[in-house]
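One structure below.
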Amino acid sequence: MPELPEVETVRRGLAPAMEGAIIARAQVNRPDLRWPLPERMADRLTGRRVTRLGRRSKYLLADLDDGQTLIVHLGMSGRMQVSGIRIGIFHHDHPAPAKHDHVVLHMDTGARITFNDARRFGAMDLAPTRELDSHWLIRDLGPEPTGNGFSEGYLAARLRGRMTPIKAALLDQRIVSGLGNIYVCEALHRAGISPLRKAGRIAPARVAALVPVIRDILAEAIDAGGSSLRDHRQADGQLGYFQHTFRVYGRENAPCPTDGCGGTVRRVVQSGRSSFYCPLCQR
DNA sequence: ATGTGTTCCTGTCCGC
DNA sequence: TGCGGACAGGAACACA
C-alpha cells in the first residue's frame with residue numbers, strides 16, 4: 001500500500017501520541033508478519049519511552065529510551081492507527097479489536113497504537129539505534145527523494161547505461177527510496193517520459209526534469225494526507241485525498257489530462273505490475 | 001552485474 | 001447468491 005507520502009502522513013499522525021510517551025504494555029498477537037517478529041518483542045518494548053518517531057524511506061523508526069529502535073514497514077496493506085487521544089475537539093475512542101490487529105501498543109497516556117495488516121507483507125524489527133544505517137533492511141536504500149542526495153547528477157549517474165525500463169529503475173529502492181507504483185506512474189506522466197523507455201536512453205535534460213517532478217509530487221501528496229485507494233488511512237483513520245488528483249494511475253481508457261494531448265491512458269504490465277501512461281505525450 | 005518472473009497473504013471486485 | 005479469476009500501494013528471492 002503505502003509509499004513515502006503515506007508513511008510520512010502516518011508518521012505525522014502518530015508522533016503526537018508516541019513521542020515522549022511510555023509503552024505501558026505491548027500486545028503481540030502473533031509470532032510473525034512477513035518475517036518472525038523480534039525475539040521477546042513484547043518484553044523488550046514494555047516500559048520503554050519513545051524518544052522520537054522518524055522515517056527512512058517507507059520505514060517508520062521509533063527510537064526508544066534504551067538505545068533500541070523499533071523498525072516498522074507497512075507492506076501493502078498495513079495500517080498504524082491511534083486511538084484514545086484528543087485531536088482538536090475530537091476524541092478518538094478505542095475501536096473494538098479487529099481482525100488482523102497484529103500488534104497493539106498501549107501507551108501510559110491512554111493512547112493506543114494499533115498495527116493492522118491483512119496481507120501481512122508488513123514487518124517489524126528491533127535494532128540498536130546507532131546501527132540502523134547498517135541494518136539489512138536499511139543499508140542498501142538509495143537517497144530520500146526529498147533530500148539533497150537525490151540530485152540531477154546523482155540520478156543521471158545511476159541511470160547511465162541501464163537497459164531496464166525507467167519504470168523499474170524508479171521502483172528500485174537502491175536507486176531512490178520511497179517511490180512505489182502510484183507515484184512512479186504519476187511522475188513519469190508529468191515528466192512526459194514513457195515507463196517503457198530504457199533508463200539509460202533518456203536525454204539528460206529529461207532526466208534532470210524528473211528530479212523536481214518527483215520532489216513536487218511527493219510534497220503535494222504529503223500535503224494531501226497521502227492517497228487512499230483501499231487500505232491507506234492516516235493515523236487518525238482519515239482518508240488521504242491525493243488519489244483525486246491522479247492523472248493516469250488507475251485511469252485506463254480515460255482521456256489523457258495533458259492539455260491538448262488528446263491521447264488515451266493505457267495500462268501495460270511491466271515486471272508484474274501495472275503501468276498507466278499516455279502513449280501520445282509520454283515518449 | 002543486470003534484468004525478469006515468482007512468491008508471500010487476504011480481500012475485493014467483476015463477469016458468468 | 002455463489003464461484004472463479006484478476007488484481008491490489010512491496011520487495012526478497014531464485015534464476016537466466
Side-chain angles (χ1 to χ4, degrees), chain A residues 1-11 29-37 55-60 71-80 98-102 115-125 135-142 145 157-188 195-201 214 217-218 221-222 224-234 239-246 248-253 267-276:
Chain A
M1 171 227 25
E3 307 181 33
L4 187 155
E6 289 73 38
V7 177
E8 177 60 19
T9 295
V10 168
R11 188 198 69 76
N29 295 334
R30 57 173 300 130
D32 58 344
L33 295 169
R34 178 171 186 173
W35 298 291
L37 289 165
R55 180 189 58 75
R56 170 78 172 95
S57 180
K58 301 172 189 174
Y59 293 91
L60 288 167
I71 304 169
V72 178
H73 195 288
L74 300 176
M76 290 275 258
S77 55
R79 293 181 191 176
M80 288 273 271
K99 201 175 178 183
H100 309 304
D101 282 352
H102 303 311
F115 177 91
N116 179 290
D117 183 12
R119 294 178 74 180
R120 242 182 298 130
F121 291 165
M124 290 192 193
D125 199 12
H135 188 278
W136 67 282
L137 288 170
I138 308 279
R139 66 186 173 209
D140 294 328
L141 293 174
R158 291 303 299 266
L159 299 185
R160 193 165 299 137
R162 297 290 297 267
M163 285 293 112
T164 200
I166 185 64
K167 170 81 187 303
L170 293 178
L171 283 176
D172 185 340
Q173 304 295 299
R174 295 168 300 185
I175 294 179
V176 54
S177 64
L179 298 177
N181 206 30
I182 291 177
Y183 296 105
V184 169
C185 289
E186 292 296 306
L188 287 173
L196 305 170
R197 179 166 289 275
K198 292 180 186 352
R201 299 281 172 79
I214 289 171
I217 211 162
L218 295 177
I222 291 169
S227 303
S228 291
L229 294 186
R230 299 167 176 74
D231 297 320
H232 171 62
R233 294 293 180 281
Q234 304 189 40
L239 298 170
Y241 52 90
F242 191 71
Q243 66 278 12
H244 300 304
T245 72
F246 289 170
V248 287
Y249 186 84
R251 300 180 55 80
E252 186 178 17
N253 295 329
R267 183 176 79 94
V268 294
V269 175
Q270 294 181 280
S271 47
R273 322 220 31 208
S274 290
S275 293
F276 297 91

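In what follows, every chain begins at residue 1, and chains take the letters A, B, ... in the order their sequences are listed.
As judged by a 4.0 angstrom heavy-atom cut-off over every strand, A/Gly272 is placed among residues making no nucleic acid contact. Contact annotation for A/Pro5: no contact, since no heavy-atom pair falls under 4.0 Å across all strands. Residue A/Arg267 is in sugar-phosphate contact alone, with no base atom involved, counting any heavy-atom pair closer than 4.0 Å across all strands shown. A/Lys198 comes within 4.0 angstrom of nothing in the nucleic acid, heavy atoms only. Backbone-only engagement by A/Tyr249 is indicated by non-hydrogen atom pairs under 4.0 Å involving sugar-phosphate atoms exclusively.
Looking only at distances, no side-chain donor or acceptor of A/Arg139 sits under 3.5 Å from a matching main-chain atom of A/Leu141. Looking only at distances, no side-chain donor or acceptor of A/Glu186 sits under 3.5 Å from a matching main-chain atom of A/Phe246. In this structure, the side chain of A/Gln270 does not engage the main chain of A/Lys167 through any donor-acceptor pair within 3.5 Å. Remark: the backbone N or O of A/Asp117 is not paired with any side-chain donor or acceptor of A/Ser77 at under 3.5 angstrom. The backbone N or O of A/Leu171 sits less than 3.5 Å from a side-chain atom of A/Gln173, completing a donor-acceptor pair. In this structure, the side chain of A/Lys99 does not engage the main chain of A/Ala118 through any donor-acceptor pair within 3.5 Å.
For DNA chain B, the contact window with chain A, defined by any atom under 4.0 Å from a protein heavy atom, covers B/dG3 to B/dG11 in 5' to 3' order.
A sub-4.0 Å separation between OP1 or OP2 of C/dA8 and a side-chain N or O of A/Ser77 is absent.
Aromatic ring pairs are classed by plane angle as parallel below 30°, tilted from 30° to 60° and perpendicular above 60°; the pair A/Tyr183 and A/Phe242 is tilted. Using bins of under 30°, 30° to 60° and over 60° for the plane-to-plane angle, the ring pair A/Phe115/A/His102 lands in the tilted bin.
Nucleotides C/dC3 and B/dC9 are separated by 23 Å at their P atoms, to the nearest Å. B/dT6 and C/dA6 have their P atoms separated by 13 Å, given to the nearest Å.
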A/Val184 vs A/Ile166, test: side chain to side chain contact (heavy atoms under 4.5 Å, CB included). Steps then yes/no. CA-CA 9 Å; A/Val184 169; A/Ile166 185 64; over 6 Å; no
Pairs under 3.5 angstrom, nitrogen or oxygen only, protein versus nucleotides 11-15 of chain C, please.
| unit_1 | atom_1 | unit_2 | atom_2 | d |
| --- | --- | --- | --- | --- |
| C/dA11 | OP1 | A/His73 | NE2 | 2.7 |
| C/dA11 | OP2 | A/Lys58 | NZ | 2.7 |
| C/dA11 | O4' | A/Arg34 | NH1 | 3.4 |
| C/dA12 | O4' | A/Arg34 | NH2 | 3.0 |

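The side-chain hydrogen bond (donor to acceptor under 3.5 Å, both in side chains) test applied to A/Lys58 returns no partner, not counting sequence neighbours. Scanning for side-chain hydrogen bond (donor to acceptor under 3.5 Å, both in side chains) contacts around A/His100 gives an empty result, with sequence neighbours left out. Residues that satisfy the side-chain hydrogen bond (donor to acceptor under 3.5 Å, both in side chains) test with A/Arg11, not counting sequence neighbours, are A/Glu8.
Mapping A/Gln270 and A/Ala118 onto DNA chain B via the closest heavy atom, the residue that lands nearer the 5' end is A/Gln270.
One can place CG of A/Leu170 at 13 Å from P of C/dG10, the figure rounded to the nearest angstrom. Counting to the nearest Å, the C1' atom of C/dG10 and the CZ atom of A/Arg120 are 16 Å from each other. In this structure, CG of A/Leu33 is placed 17 Å from P of C/dG10, rounded to the nearest angstrom.
Looking at DNA chain C, the stems built from 3 or more consecutive Watson-Crick or G-U wobble pairs, each pair with its key distances under 3.5 Å, are B:2-8 with C:10-16, B:10-16 with C:2-8.
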